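Note sheet for the following structure.
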Amino acid sequence: MGVTARVIPCLDVAAGRVVKGVNFLNLTDAGDPVELGAKYAAEGADELTFLDVTATVDERSTTYDIVRQTAEHVFIPLTVGGGVRSADDVARLLEVGADKAGVNSAAIARPQLLNEIADRFGNQVLVLSLDVKRSWRTPSGFVVTTHGGKRETELDALAWAKEAMERGAGELLLNSMDADGTKTGFDLELLRQITEFATVPVIASGGAGKASDFAPAIAAGADAVLAASVFHHGIVSIAEVKAEMARAGVPVRLAH
């Protein structure tokens, strides 16, 4: 674990707006991404993650504009994912102000993409998104999914995480599709299995429902915790989460 645990709000962006929904269904408007990003930064967020949930060519230019605007107003690291299919896509994101790029489906389709990004920009830029669910079909009992958890691949989640790190992934964004949206806490068993062998930082995602859910994820080995709806809906604030983590003995960076 790093010196301090990071708290990362995730903004799902479609057509230039932050949206909220369940598994990308029934999406409703949650506000302007630049304004929300600035708000979360002021509240003490350590980083921001943007996910383009439509990731179509039509929306792509809008996303670049949003990244540029956000980077001009928000001075914490920014990770952008959704629709990243090439090293050139990463280059363009970095040019407009992103610090890291998240890759998921394109790397599953062509694992060499991870090597290409890491070789060109360095491991610290490359975040592998892992959407994982339980499955009896894989040796570890966890399988990698795509399309918001709806489609299972043939990839064992632990084996894919190991391969991705060997290919240059500098961080793992581990999202439990079983816990996602349940608000019953992070999948600690999955976290422990991944962090046991992970040689890069692991971000826990999926399942946060209250302030006390975050510290156990760090105790299970995560370096950072990510959440979306609990922040967007105002269920808890970043300050409340950090205060609760600090009470639990987790070192965090408190907002000034």
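Please read these numbers as outputs of a predicted model, since none were measured by experiment. Position 1 is the first residue of the sequence; numbering continues from there. What you see below is based on every heavy atom in this structure, not just the backbone, and it leaves out hydrogens, waters and symmetry mates.
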Compare all side-chain heavy atoms of [X] with those of [Y] and state whether any distance is below 4.5 angstrom.
| X | Y | answer |
| --- | --- | --- |
| M245 | V225 | yes |
| T153 | W160 | no |
| L226 | F186 | no |
| V80 | D52 | no |
| L94 | V90 | yes |
| L172 | M165 | yes |
| F50 | T63 | no |

Report yes or no: do [X] and [Y] belong to one cluster of Ile/Leu/Val/Met/Phe/Trp/Tyr joined by side chain heavy-atom distances under 4.5 Å?
| X | Y | result |
| --- | --- | --- |
| L11 | V7 | yes |
| L173 | I194 | no |
| I8 | V250 | no |
| L254 | F75 | no |
| V143 | L128 | no |

Check: What residues, two or more places apart in sequence or in another chain, satisfy side chain to side chain contact (heavy atoms under 4.5 Å, CB included) together with A227?
Finding: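 Listed in chain order: A208, F214, V230, F231.
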Check: For P201, what residues pass the side chain to side chain contact (heavy atoms under 4.5 Å, CB included) criterion, not counting sequence neighbours?
Finding: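 With neighbours one apart ignored, the set is R6, E171, D223.
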Item checked: V34: hydrophobic cluster co-members (side-chain, 4.5 Å) ->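 Its cluster partners, ordered by chain and number, are none at all.
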Checklist line | Worked verdict on D46 versus K242 for salt bridge (Lys or Arg N to Asp or Glu O under 4.0 Å) | finding: CA-CA 11 Å; D46 298 291; K242 287 196 163 186; 2.9 Å; yes
Quick one: [atom1] on [X] to [atom2] on [Y], what's the gap to the nearest 0.5 Å?
| X | Y | atom1 | atom2 | value |
| --- | --- | --- | --- | --- |
| K210 | T184 | NZ | OG1 | 7.5 Å |
| N104 | L51 | CG | CG | 9.5 Å |
| E154 | D156 | CD | CG | 11.0 Å |
| K100 | T49 | NZ | OG1 | 7.5 Å |
| L48 | L36 | CG | CG | 9.5 Å |
| R134 | D178 | CZ | CG | 5.5 Å |

Notebook entry, point to check: Taking everything shown except Q112 itself, do over 12 heavy atoms lie less than 6.0 Å from its CD?
Noted result: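 Yes - once you tally the heavy atoms of other residues, nucleotides and ligands closer than 6.0 Å, there are more than 12.
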Check: Taking only residues two or more places apart in sequence or in another chain, which ones pass ring pair (Phe, Tyr, Trp, His ring centres under 6.0 Å) with Y40?
Finding: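 For Y40 the ring pair (Phe, Tyr, Trp, His ring centres under 6.0 Å) partners, ignoring immediate neighbours, are H232.
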How close do [X] and [Y] get, heavy atom to heavy atom, and via which atoms?
| X | Y | value |
| --- | --- | --- |
| L190 | S176 | CD2-CB, 4.0 Å |
| G207 | T182 | CA-OG1, 4.2 Å |
| A98 | V67 | N-CG1, 3.7 Å |
| I76 | A41 | CD1-CB, 3.9 Å |

Please check: side-chain N/O of [X] versus main-chain N/O of [Y], any donor-acceptor pairing under 3.5 Å?
| X | Y | answer |
| --- | --- | --- |
| D187 | A179 | no |
| T145 | D131 | yes |
| S140 | A159 | no |

Next item on the list: May I have the step-by-step check of side chain to side chain contact (heavy atoms under 4.5 Å, CB included) for K183 and I235, ending in yes or no?
Entry: CA-CA 11 Å; K183 294 188 169 56; I235 296 168; 3.6 Å; yes
Next item on the list: For the pair E43 and K39, find out whether any cationic side-chain nitrogen is under 4.0 Å from an anionic carboxylate oxygen.
Entry: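 Yes, charged N to carboxylate O under 4.0 Å.
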Checklist line | Under-4.0 Å salt bridge between E95 and R92 | finding: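 No salt bridge links E95 with R92.
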When the side chains of residues 119-127 are checked against the rest of the protein, which donor-acceptor pairs come out under 3.5 Å, sequence neighbours left out?
{"from": "R120", "atom 1": "NH1", "to": "D88", "atom 2": "OD1", "distance (Å)": "2.8"}
{"from": "R120", "atom 1": "NH2", "to": "D88", "atom 2": "OD1", "distance (Å)": "3.3"}
{"from": "N123", "atom 1": "ND2", "to": "G168", "atom 2": "O", "distance (Å)": "3.3"}
{"from": "Q124", "atom 1": "NE2", "to": "F121", "atom 2": "O", "distance (Å)": "3.1"}

Check: What's the verdict on side chain to side chain contact (heavy atoms under 4.5 Å, CB included) for L113 and I117, showing C-alpha distance, side-chain angles and the deciding distance?
Finding: CA-CA 6 Å; L113 174 62; I117 295 171; 3.9 Å; yes
Notebook entry, point to check: Partners of D99 by salt bridge (charged side-chain N to carboxylate O under 4.0 Å, His left out), sequence neighbours excluded?
Noted result: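 Salt bridge (charged side-chain N to carboxylate O under 4.0 Å, His left out) list for D99, sorted by chain: empty.
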